[in-house]
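Step one of this worksheet: look at the structure below.
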Amino acid sequence: MSELPLPPTTRHLGASGIAVSPIAWGMWRLAEDGRTAADAARLVHAALDAGITFLDTADIYGFDGSGGFGDAEALLGEVLAAEPGLRARMVLATKGGIMPPLPYDQSADYLRSAIEASLSRLKVDSVDLWQIHRPDILAHPQEVARVLDDAVASGKVRSLGVSNFTQAQTAALNHFLGNKLVSTQPEISPLRIDCFENGELDQAMMLGLTPLAWSPLGGGRVAAPESARDKAVAAALDVVAEAQGVSRTVAAYSWLMAHPAGIIPIIGSQNPERIAEGAAALTVRWTRTDWYAVLVAARGERLP
Ligand code: NAP
């Protein structure tokens, strides 16, 4: 039975030359549960010590519907201020473009101020990847591209990405950018398989974008499946997990990583042991048969 290749120990963000770990750690849930800067530092160290050096945050992380905008970035900023040496050990990604209560804003003035505000909360001079969080339908991609190219030229942002963009929106923005996009961040997991067949990953490969998978465990549902369909996906993952002595969640990360687009799963756990455990995904081998078994379970029907 032919085996798919193991993921490499390093990937690159598009054509930027920026090397990243093949697994990322995300901070969507960082500013919850009363976490302090000391708690956040423990999590950052857990990721870095496990070789997970690609860290993803966003200006809106921490927002609870009324307040908390910027809180996750600010917590990481405190960690970096207390231990400045950490900055060089990580590839730092953030996002902006959602301004509650106004849903999405990619006007030139807003984008400029959002990037400045992120840098100031993070207490850094630049971020390695800046992503538009969700597309603003009212912004012309040429205008957006101009602001983003300026941000790269000023050295505040090293590379550019998008998240939750349609393929046409990605292509339109990329068309106008001088500094081409290096990443795209859709939701992808064994429970959210749209990207595999809707052309998004094909476009990523064609444009040379590194796909970052948000909610790679379906927000935790892979670990605690409830519906019959989710349980069937879990069972298909368990076949490989049990045979190779890893947890189901690690098998889920590795299933995404086996795709030829070079998907980087963003671990969402805020538990140091679970973050560290994620690194084991690099060792899991998939055969085509086992890989497709998970896909078929997620589709809920056989492939034609
Ligand atoms: P996820 O990995 O799908 O879910 C993580 C959740 O699952 C956590 O609450 C975690 O709880 C729980 N969980 C339960 N059992 C677990 C286990 N055995 N191992 C690991 N986690 C387990 O990811 P996510 O948090 O939804 O999203 C991951 C990252 O994607 C975010 O941090 C963010 O960077 C990015 N994201 C981006 C967007 C976007 O629009 N671009 C949207 C959502 C997320 P514990 O913390 O207790 O382990």
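Whatever order the structure lists ligands and atoms in, that order sets their numbers, starting from 1.
The proximity of Glu187 to ligand 1, defined as any non-hydrogen pair under 4.0 Å, does not occur for either the backbone or the side chain. When non-hydrogen atoms are compared, ligand 1 lies under 4.0 Å from the side chain of Thr249 (C-beta onward) but not from its backbone. Proximity of His133 to ligand 1, defined as any heavy-atom pair under 4.0 Å, is confined to the side chain (atoms from C-beta onward).
Using a 4.0 Å cut-off between charged side-chain N and carboxylate O, Arg42 and Asp49 make no salt bridge. Under 4.0 Å is where a charged nitrogen must lie from a carboxylate oxygen, and between Arg299 and Glu197 at least one such pair does. Between Asp150 and Lys156, none of the side-chain N atoms (NZ, or NE/NH1/NH2) sits under 4.0 Å from a carboxylate O, so this pair counts as no salt bridge.
Clustering ILVMFWY residues whenever any of their side-chain heavy atoms sit less than 4.5 angstrom apart, transitively, puts Tyr253 in a cluster other than the one holding Val239. With hydrophobic clusters built from ILVMFWY side chains whose heavy atoms lie under 4.5 angstrom apart, Val222 shares a cluster with Ile263.
Without hydrogens or angle criteria, Asp59 side chain to Thr94 main chain gives no donor-acceptor distance under 3.5 Å. Here the side chain of Gln106 pairs a donor or acceptor atom with the backbone of Asp136 at under 3.5 angstrom. A distance-only check finds no donor-acceptor pair linking the side chain of Lys95 to the backbone of Trp130 [under 3.5 Å]. Under the 3.5 Å distance criterion, the side-chain polar atoms of Gln169 are matched with a main-chain donor or acceptor of Thr166.
Atom 31 (C) of ligand 1 has Trp28 CB, 3.4 Å as its closest protein atom, hydrogens excluded (heavy atom only). With respect to atom 20 (C) of ligand 1, the closest heavy atom belonging to the protein is Leu217 CD1, 3.4 Å. Nearest non-hydrogen protein atom to atom 33 (C) of ligand 1 is Tyr61 OH, 3.3 Å. Closest protein heavy atom to atom 43 (C) of ligand 1: Trp214 CE3, 3.1 Å. Nearest non-hydrogen protein atom to atom 14 (C) of ligand 1 is Arg274 NH1, 3.5 Å. Protein heavy atom in closest approach to atom 40 (O) of ligand 1: Asn164 ND2, 2.9 Å. Looking at atom 27 (O) of ligand 1, its nearest protein heavy atom turns out to be Ser215 N, 3.3 Å. Gly220 CA, 3.2 Å is the protein heavy atom nearest to atom 7 (O) of ligand 1.
Annotation: Ala213 places no N or O atom under 3.5 Å from an N or O atom of ligand 1; distance criterion only. Residue contacts with ligand 1: Gln270 is placed with a nitrogen or oxygen under 3.5 Å of a nitrogen or oxygen of the ligand (distance criterion only).
Using a 3.5 Å distance cut-off with no hydrogens or angles, the side chains of Glu187 and Ser215 do not pair a donor with an acceptor.
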Between Arg146 and Glu143, is the salt bridge (Lys or Arg N to Asp or Glu O under 4.0 Å) condition met? List the steps. CA-CA 5 Å; Arg146 196 173 299 133; Glu143 295 275 300; 3.1 Å; yes

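Ligand 1 places these atoms under 4.0 Å from at least one heavy atom of Gly218: 3 (O). Residue Asn271 has at least one heavy-atom neighbour below 4.0 Å for each of these atoms of ligand 1: 48 (O). Each of the atoms 32 (O), 34 (O) of ligand 1 lies under 4.0 Å from some heavy atom of Gly26. Taking every non-hydrogen atom of Gln185 and a distance limit under 4.0 Å, the qualifying atoms of ligand 1 come out as 35 (C), 36 (N), 37 (C), 38 (C), 39 (C), 41 (N). Short contacts between ligand 1 and Gly219, defined as distances under 4.0 Å to a heavy atom of the residue, involve ligand atoms 1 (P), 3 (O), 4 (O), 6 (C), 7 (O), 26 (O). Atoms of ligand 1 found under 4.0 Å from any heavy atom of Ala223 (numbered from 1 in listed order, with element): 15 (N), 16 (C).
Judged by the shortest distance from any of its heavy atoms, Lys95 lies inside the 4.0 Å radius around the atoms of ligand 1.
Within 6.0 Å of atom CD1 in Ile137, 12 or fewer heavy atoms from other residues, nucleotides or ligands are found, so the atom counts as exposed in its surroundings.
Proximity annotation for atom 48 (O) of ligand 1: of Pro216, Ser269, Pro272, Ser269 comes nearest, heavy atoms only.
Here Asp128 contributes atom CG and Leu13 contributes atom CG; the two are 8.0 Å apart, rounded to the nearest 0.5 Å.
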